[in-house]
Structures are given as structure tokens and as C-alpha cells.
Amino acid sequence: VKHPLANNWTLWFTKPSSGKGDNWNDLLKQVITFNSVEEFWGIYNNIAPVSELALKSDYHLFKAGVRPEWEDPQNKHGGKWSYQFKDKRNVNIDELWLHIMLAAIGNTLEDEEDGEVMGVVVNVRKAFFRIGVWTRTVGKSIPNRGDGDVAGGKGRTPEKGKEVLYTIGKRVKEVMKLPANEQIEFSSHTEAAHAGSTRAKAKMTV
Ligand code: M7G
């Protein structure tokens, strides 16, 4: 018996750049798409844990049909909650990443009808591990896809839009078991793209 997930999910991998003119698109590879709990575990048990990945690697787990890029039509109006774990030796990144993936595919990061969560990302960098949760909006209402979806924040007031994002931020913080005095930051992808890096100025913290 397979236990279906509410969405189909695709795992992506960014392989480390060799440093010689590699561009983002050459490094980003689609690994596999799945739609059940059992398939998830089958994949999880057969891929390298984050703790064994080389520096500059990323895993991205996104709703099927959404590329893990700022430019994707479903991401371009959005942003992400993220946190950098700087004490790499004392953080159980494999467990944190597993828990954030389970929360994403189990739809517990948001109220399902909000349709904000596009995917989750882990970055392996020299000075930190970073976990990010990508959202479809930055709280503002955006043009909807025209296929009956409500995920564009249609009918949401700006206050409601922000509240939806803060709720996700709080849940992300809980899943990562961060102490209350640690802050996770929200930044929009437009800022990240302009800054040429994700270290863009944070708009919200929780
Ligand atoms: P990062 O991995 O988000 O953060 O971006 P880091 O600076 O801590 O490593 C690293 C670089 O990857 C960016 O400066 C971009 O060159 C490229 N990059 C990352 N993302 C998420 C994207 C994306 O969505 N689209 C494009 N075109 N490039 C990206």
C-alpha cells in the first residue's frame, strides 16, 4: 500500500562548481519525482546525506512543475525564510533537513489552502549550512495562474498575506527546533537576484 502525498515532489541537486565558468543551469540537475511516503523513504535511504555532500552542493525539494529558481513563474513574485547554521560541527544537519522535508511533503508548514510553500532547500557552504523554505509570494497579492488556483493570494488583504508568511516562518523555526532568541529571516527573490546572492537584506524576521 502506498500512502499518497497531497502533491507530487521533485528532488533536485546542485553539484559543486569546478570554478571554471560553470553556470547555475549546468550545475542544477533534476533527480527524481515522487508522490508517496514510501517512495520518499526509498529515495531518502539511497542518496547521500547532506553531511556527506561536498562544499557548494545543494539539495532542493520542490513541488513538481516548479524549478528551484528565482526565475520560475511560480517563484518570481516570492521569497524565502532561511537560517544559517554556522556551528557546522555541532549541528545535526541530516536530521534538520529530514524534518524540514517531511514537514514540506506532509503539508504541515502551512494551512493547505494557502498554497505558499514551493519547496525547501539546503545549501552546504564553507562557513555554514543554510536551510530555506521558498514561498510563492512575499505577502502581497499577485496575479493568479488562471487555472482556478487561490495561491496567488487572491482576495487576501496585505495584512492576511503577511500573517500567512509569518505562520510559515514560525513553523519553520519550530521544525528546526531553534531557540526563541534565534531569528530566521525572510527575503524576496528579487532582492536575492539583485544582490547576486541570497545574503539580501531581510524584510521580516521571526
Ligand atoms: P546561493 O546558493 O543562493 O547562496 O547563491 P550563496 O551565495 O550563499 O552560495 C549562489 C549563487 O548561485 C548566486 O549568486 C547565483 O549565481 C546562483 N543562483 C542561486 N540561485 C538560487 C539561483 C537562481 O534561482 N537563479 C539563478 N539564475 N542563479 C541562482
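Whatever order the structure lists ligands and atoms in, that order sets their numbers, starting from 1. All residue numbers refer to positions in the sequence shown, counting from 1.
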Quiz item: Within a strict 4.5 Å, meaning less than it, do heavy atoms of the Met204 and Glu185 side chains meet?
Solution: no
Practice problem: Cation-pi check, Lys88 to Phe129: give yes when NZ or CZ is under 6.0 Å from the six-membered ring centre and within 45° of the ring axis, no otherwise. | Solution: yes
Quiz item: Between Asp58 and Arg125, is the closest basic N to carboxylate O distance under 4.0 Å?
Solution: yes
Quiz item: Strictly under 4.0 Å, does any heavy atom of Arg130 approach an atom of ligand 1?
Solution: yes
Quiz item: Regarding Thr137 and Glu116, is there a side-chain donor-to-acceptor distance under 3.5 Å anywhere?
Solution: yes
Quiz prompt | Any N or O of Trp134 closer than 3.5 Å to N or O of ligand 1 | solution = no
Quiz item: Aromatic ring centroids of Phe13 and Tyr59 under 6.0 Å?
Solution: yes
Exercise. Name the option, out of Glu71, His189, Arg125, Gln84, that contains the heavy atom nearest to atom 25 (N) of ligand 1.
Key: Glu71
Practice problem: Would you kindly specify which portion of Trp24 sits under 4.0 Å from ligand 1, judged on non-hydrogen atoms: side chain, backbone, both or neither? | Solution: side chain
Quiz prompt | Which of the ligand 1 atoms, numbered from 1, are nearer than 4.0 Å to a heavy atom of Glu69 | solution = 24 (O)
